[in-house]
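Encoded as structure tokens, here's the structure I'll be asking about.
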Amino acid sequence: MANMNLRKLVVIIALFVGVTGQVCKAQQITVAAAADLQFVLQDVATRFQKETGKTVKRSFGSSGNFFHQLQNGAPFDMFFSANLDYARNLEAAGLTEPGTFYKYAVGKIVIWVPNDSKLDVSSGLQSLLNPAIKKIAIANPQHAPYGQAAVAAMKKENIYDKVADKFVFGENISETASFVVSRSADTGIIALSLALSPNMKDKGRYAKIPGADYPPIEQACVILKSSQQKDTAKAFLKFIQTPTVAELFRTYGFDVPTGSTAQ
């Protein structure tokens, strides 16, 4: 009799754990996000969890790499791309939930050096011509939107060919920034959002690169059609569209398109 009751108790506990696990899983989404969002999205996700109890698991990398992974069925619920074309192409391929394409921000690039560097970057991109600079970190332009913007800006100011042999390529913009912080490169062209992040804002100096020098780094997100957590994903998308989150993006140096927030 005692053994029977014990078995019943074990079964009940197993069922409870199973149901609880499914409920917890339903309260979490997994997001593939461009590396420039590493810090702002952490703040957004924390606020979202505090308000809703739902969690956002984040994976950061280059938008181009994520795009190819998602084309091949990578198990993410949402995609935040630093190039809205990647999100649009997924939408055109029928891989996104209809009506969820949302342009959330526009990124900016800067030249960054550590505080103890003797380099003067106040002249912007022209400062890269300084012969003392041996290595310049940029994101790989083959798949990283910030790398593409860096190349465009240098070509616009007619310095690209003069400094191209000094490039050190980061797999994404976060790795690019780490190259300069670790002194693996003398300077780098990175996202303003990272220069303003808690990890970097007190460690270096930066000069903004004029927006007219490169195509706008327009960013967009989508919910994937394959998502098994669409309700939570839609709740997070709605949260992203609030004025409070828009202001948070501005704090990290992003521009937020007019009319892109829901009141």
Using modelled atom types only, decide if a donor and an acceptor are shared between the side chain of K162 and the backbone of I159 within a distance under 3.5 Å.
no
Using ring centroids (six-membered ring only for Trp), state whether Y146 and Y214 fall under 6.0 Å.
no
Hydrophobic clustering (ILVMFWY, side-chain heavy atoms < 4.5 Å, transitive) - are F80 and L84 grouped together?
no
Atom pair NZ (K156) and CG (N158), whose distance is rounded to the nearest 0.5 Å
9.5 Å
Passes side-chain contact (heavy atoms from CB on, under 4.5 Å), Q27 versus T55? Steps please.
CA-CA 6 Å; Q27 300 295 307; T55 58; 5.7 Å; no
Are a donor atom and an acceptor atom from the side chains of S62 and N65 found within less than 3.5 Å of each other?
yes
Between NZ of K54 and CD1 of I29, what distance do you get to the nearest 0.5 Å?
10.0 Å
With the side chain counted from C-beta on, respond yes when T187 and S117 share a heavy-atom pair under 4.5 Å apart, and no when they do not.
no
Does some side-chain heavy atom of V180 sit less than 4.5 Å from a side-chain heavy atom of M200?
no
For T242 and T244, which I'm curious about, is there any donor-acceptor pair between the side chains at under 3.5 Å?
no
Is a side-chain N or O of N140 found less than 3.5 angstrom from the main chain of F169, in a donor-acceptor match?
no
Spatial distance of atom CG (L194) from atom CG (L37) [nearest 0.5 Å]:
9.0 Å
Are any of the side-chain heavy atoms of T176 and I173 separated by less than 4.5 Å?
yes
Reported NZ-to-CG distance for the pair K230 and L224, which is rounded to 0.5 angstrom
9.0 Å
Give a yes or no answer on whether the side chain of T96 reaches the backbone of I223 with a donor-acceptor pair at less than 3.5 Å.
no
Heavy-atom closest pair (E157 atom, P210 atom, distance to 0.1 Å) is OE2-CD, 4.4 Å
Is it the case that one hydrophobic cluster holds both V44 and Y102, taking links as side-chain heavy atoms less than 4.5 Å apart, direct or via other members?
yes
Restricting to non-hydrogen atoms, name the atom on I217 and the atom on A149 that form the minimum distance, rounded to 0.1 Å.
CD1-CB, 3.7 Å
Taking ring-ring contact (aromatic ring centres under 6.0 Å, His included) as the definition, give me every residue that meets it alongside F76, ordered by chain and number, with sequence neighbours left out.
F66
Flag yes if more than 12 heavy atoms outside R47 fall under 6.0 Å of its CZ atom; otherwise flag no.
no
Which heavy-atom pair separates A153 from L125 by the least distance, and what is that distance?
O-CD1, 3.5 Å
Would you please test N199 and S197 for side-chain hydrogen bond (donor to acceptor under 3.5 Å, both in side chains) and show each step?
CA-CA 5 Å; N199 279 23; S197 71; 5.6 Å; no
Side-chain (S63) to main-chain (A82) donor-acceptor, under 3.5 angstrom
yes
Dump the intermediate steps for side-chain contact (heavy atoms from CB on, under 4.5 Å) on I189 and I209, then the final yes or no.
CA-CA 9 Å; I189 298 177; I209 297 171; 3.8 Å; yes
To the nearest 0.5 Å, how far apart are CD in Q49 and CD in Q28?
9.0 Å
Using 4.0 Å as the upper bound for N to carboxylate O, is an ion pair formed by R250 and E247?
yes
Does any part of the side chain of F39, heavy atoms only, come nearer than 4.5 Å to the side chain of K201, both counted from C-beta?
no
So, do Y104 and F249 have ring centers that fall under 6.0 Å from each other?
yes
For Q126, is the CD atom crowded, meaning more than 12 foreign heavy atoms sit under 6.0 Å from it?
yes
Under 3.5 Å, is there a donor-acceptor pair between the side chain of K203 and the main chain of V181?
no
Identified side-chain contact (heavy atoms from CB on, under 4.5 Å) partner of I133 from the options V121, V163, D186
D186
Is there a path of hydrophobic side-chain contacts, each under 4.5 Å between heavy atoms of I, L, V, M, F, W or Y residues, that connects I111 with F179?
no
Please name the pair of heavy atoms, one in F254 and one in G107, separated by the smallest distance, quoted to 0.1 Å.
CD2-CA, 3.9 Å
Which heavy atom of S174 sits nearest a heavy atom of Q38, and at what distance?
OG-OE1, 2.8 Å
Mark yes when over 12 heavy atoms from residues, nucleotides or ligands other than D231 sit less than 6.0 Å from its CG; otherwise mark no.
no
Check: E97 main-chain N/O paired with T100 side-chain donor or acceptor under 3.5 Å:
yes
Give the intermediate values and the outcome of side-chain contact (heavy atoms from CB on, under 4.5 Å) for residues D116 and R183.
CA-CA 11 Å; D116 60 2; R183 310 305 197 275; 2.9 Å; yes
Side-chain contact test, heavy atoms from C-beta onward, threshold under 4.5 Å: evaluate it for V245 versus F48 and give yes or no.
no
Compare every heavy atom of P98 with every heavy atom of K225, then report the nearest pair and how far apart it is.
CE-CD, 4.4 Å
Start with the C-alpha distance between F60 and N172, add both sets of side-chain angles, then the distance that settles side-chain contact (heavy atoms from CB on, under 4.5 Å), and finish with yes or no.
CA-CA 9 Å; F60 297 101; N172 54 62; over 6 Å; no
Quick one: pull up OG1 in T30 and CZ in R58 and give me the separation to the nearest 0.5 Å.
11.0 Å
Minimum side-chain heavy-atom gap F67-S81 below 4.5 Å:
no
Keeping the roles fixed (side chain from S127, backbone from S123), state whether a donor-acceptor pair exists under 3.5 Å.
no
With no hydrogens and no angle check, is any side-chain donor or acceptor of S193 less than 3.5 Å from a backbone partner on D36?
yes
Does S226 offer a backbone N or O that forms a donor-acceptor pair with the side chain of Q228 under 3.5 Å?
yes
Scan residues 213-224 for pairs that pass salt bridge (charged side-chain N to carboxylate O under 4.0 Å, His left out), counting only residues two or more places apart or in two chains.
K103-E218
Is there side-chain contact between H143 and E171, with at least one heavy-atom pair below 4.5 Å?
yes
Using 30° and 60° as the class boundaries, would you call the ring planes of F239 and F236 parallel, tilted or perpendicular?
parallel
Is it the case that one hydrophobic cluster holds both V106 and Y86, taking links as side-chain heavy atoms less than 4.5 Å apart, direct or via other members?
no
Donor-acceptor pair, side chain of K135 and main chain of G188, under 3.5 angstrom:
no
Would you check if L70 and L95 make a side-chain contact, meaning some heavy-atom pair closer than 4.5 Å?
no
So if you build clusters from Ile, Leu, Val, Met, Phe, Trp, Tyr with side-chain heavy-atom gaps below 4.5 Å, do F101 and F79 land together?
yes
